[in-house]
Novice: 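Just dropping this structure here.
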There are 2 protein chains.
Amino acid sequence: MPAVQGAPIVPEQDEVVVRERARAIPEAAVARLAVYLRVLSGMVDQGVTTISSEELSAAAGVNSAKLRKDLSYVGSYGTRGVGYDVEVLVSHIERILGLTRKHSVAVVGIGNLGHALANYGGFQSRGFPVAALFDVDEDLTGVPVGGIPVNHIDDITAVCVEREVSIGVIATPPQAAQAVCDRLVSAGVQCILNFAPVVLQVPDDVEVRKVDLAVEMQILSFHVARRADEASAEQAANDLINGVGVDRVVIRP
Amino acid sequence: MPAVQGAPIVPEQDEVVVRERARAIPEAAVARLAVYLRVLSGMVDQGVTTISSEELSAAAGVNSAKLRKDLSYVGSYGTRGVGYDVEVLVSHIERILGLTRKHSVAVVGIGNLGHALANYGGFQSRGFPVAALFDVDEDLTGVPVGGIPVNHIDDITAVCVEREVSIGVIATPPQAAQAVCDRLVSAGVQCILNFAPVVLQVPDDVEVRKVDLAVEMQILSFHVARRADEASAEQAANDLINGVGVDRVVIRP
DNA sequence: CTCTGTGAATGCATTCACAGCA
DNA sequence: TGCTGTGAATGCATTCACAGAG
């Protein structure tokens, strides 16, 4: 039996188990790698050629142990006693994140947000060209937004296949989102970024990420409230014990 | 010594330790509570009065154990054998998330994205009225966007104080973001939602959440790449063992 | 002697599984 | 009996701390 990689896993009958090529990288680490990449790109522009884990972690807003652990998932490309070569690191992170391929983006729903996304330079510049725009509104069909003419949503499959769209962005009203998602999926799009405040149902082989602005606001709101509660609890407790031989009250989290 | 709440923590000298009033709620749970709230609001509109953990969890895209655990942080407001009263649950989650207070929002940077945010109805409707807009461009000063006249950024402190802004949204180019953030902080804003692709430095008492669209794209890209790797590895392995008495190869994650 | 890379330890979050209430 | 609420168990992620390369 050909042992493709020395895998000490017990194979079931008539199966060979191959350990996944790329070491599994924790989801949380992937998100941070993208941030490191951005910071490193800035370093390249500033002419920095070498950087230590301490410096890079500070610039990325994490601690250095976490940074080194994250980079260790990518591989060992640092020099002990010195640090990392910025360009080497950039190219390895890009490889891990799959940025050597081009990823064309389609934006569906050309309202306020869709307009903003179509015009947003950050996609283009970071390797995610917006290749197609869609809307139900027939008055918009053919109208150029950010240099790209809007297509009618009924043409979504043909256009996505032709322009090799690999990422779909949903910027429609919530009622339309699931239907749009279904159409994107049947057009072969396997990655979706969803701005509509709904939970999308998709097959297992489709990856969805969501950005819900109201949820972000509510999380911030929670923290305001918590801080206010703590402050008032501390205040109340201090009032309560006033002159009872205790100097101060501390709130432990 | 007045034991405000039976806290079994060893107090340091001249200190009384008060256990935090609201049980600490995991960060991850807070994000999901906001989602449950949205789903529940939809239920109210549909006239649903009671819902089981199974139904609600399905609608929110999580499993029911997680849902029940999350709700247990809010309190025990379900009826065993029956489920939850939708309205009761809504009001308790709103209380926990601090949505009983009004949270006025200021958007800084009235470019593409700022425009979209100023016009976005989702904030208003979910209790986060946009109360102020700012930009450096003097040509924009006084121009109404989404019904609100833009103020010049130099007036940020006065306007934020006057309109009781509690959440600042940064939608400026990356170069300007840190300076804007500093101004918001000195205007007393303690919550910031940052759309600029930079890591903001803030004091400990300020809460920042970030939305980086390119990072989201790159995370999606990573998953495409991983899937492609797996598929090709599986393919290669299958080719390799062709006709060696093994039926199929399985990739274990 | 400096700074990376990484096992081991700790701390969170998720899931399990069942006691207990309606 | 049906479904919630929750300790206990499991599984991830983060942090520690130090061996070892340069």
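In what follows, chains are A, B, ... by sequence order, proteins preceding strands, each numbered from 1. Bear in mind that the values here come from a model prediction, so they are computed numbers and not experimental data. Note: hydrogens, waters and symmetry copies are ignored here, and every other heavy atom, side chains too, is used.
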Novice: side-chain hydrogen bond (donor to acceptor under 3.5 Å, both in side chains), that's the test. Do B:Gln218 and A:His103 meet it? Break it down for me.
Specialist: CA-CA 10 Å; B:Gln218 289 171 4; A:His103 298 277; over 6 Å; no
Novice: Roughly, in whole Å, what's the span from CG in A:Asp70 to P in D:dC12?
Specialist: 17 Å
Novice: Let me know, please, whether B:Pro26 or A:Ser52 comes out on the 5' side of the other along DNA chain C by nearest nucleotide.
Specialist: A:Ser52
Novice: Take the protein atom CG of A:Leu71 and the nucleotide atom C1' of C:dT6, then report the distance between them rounded to whole Å.
Specialist: 13 Å
Novice: Is it true that atom CD of A:Gln124 has more than 12 heavy atoms of other residues, nucleotides or ligands lying nearer than 6.0 Å?
Specialist: yes
Novice: Whole angstrom is fine here: how far is it from NZ in B:Lys69 over to P in C:dC12?
Specialist: 15 Å
Novice: Using side-chain heavy atoms (C-beta onward) and a distance below 4.5 Å, is B:Arg38 in contact with B:Arg126?
Specialist: yes
Novice: Whole-Å distance between D:dT4 C1' and B:Glu55 CD?
Specialist: 14 Å
Novice: Provide, to the nearest angstrom, the distance between the CG atom belonging to A:Leu67 and the P atom belonging to D:dT15.
Specialist: 12 Å
Novice: Would you say A:Ser76 reaches C:dT6's phosphate, i.e. side-chain N/O to OP1/OP2 under 4.0 Å?
Specialist: yes
Novice: With a 4.0 Å cutoff (strictly under), does any side-chain N or O of B:Asn63 reach OP1 or OP2 of C:dT15?
Specialist: yes
Novice: Do B:Ile192 and B:Cys181 have side chains that get closer than 4.5 Å, going by heavy atoms?
Specialist: yes
Novice: Does a side-chain N or O of B:Ser53 approach OP1 or OP2 of D:dT4 to a distance below 4.0 Å, or not?
Specialist: yes
Novice: Round to a whole Å and report the spacing from OH of B:Tyr77 to P of C:dC21.
Specialist: 18 Å
Novice: So, OP1 or OP2 of C:dG5: does either fall under 4.0 Å of a side-chain N or O from A:Tyr84?
Specialist: yes
Novice: Has B:Lys66 got a side-chain N or O lying under 4.0 Å from the OP1 or OP2 atom of C:dT15?
Specialist: yes
Novice: Can a donor-acceptor pair under 3.5 Å be found between the side-chain atoms of B:Arg80 and the base atoms of D:dG2?
Specialist: no
Novice: Determine whether A:Val224 and B:Arg101 make a side-chain contact, defined as any pair of heavy atoms from C-beta on separated by less than 4.5 Å.
Specialist: no
Novice: In terms of the nearest nucleotide of DNA chain D, which residue is placed more toward the 5' end: A:Arg68 or A:Gly81?
Specialist: A:Arg68
Novice: As a test of reading the structure: which of C:dG5, D:dT4, C:dG7 is closest to the side chain of A:Ser72, going by heavy atoms?
Specialist: C:dG5
Novice: Within this structure, what is the OH-to-P distance between B:Tyr73 and C:dC12, rounded to whole angstrom?
Specialist: 12 Å
Novice: Could you give the CD1-to-P distance, from B:Ile25 to D:dT6, as a whole number of Å?
Specialist: 13 Å
Novice: Phosphate oxygens OP1/OP2 of C:dA13: is one of them under 4.0 Å from a side-chain N or O of B:Arg32?
Specialist: no
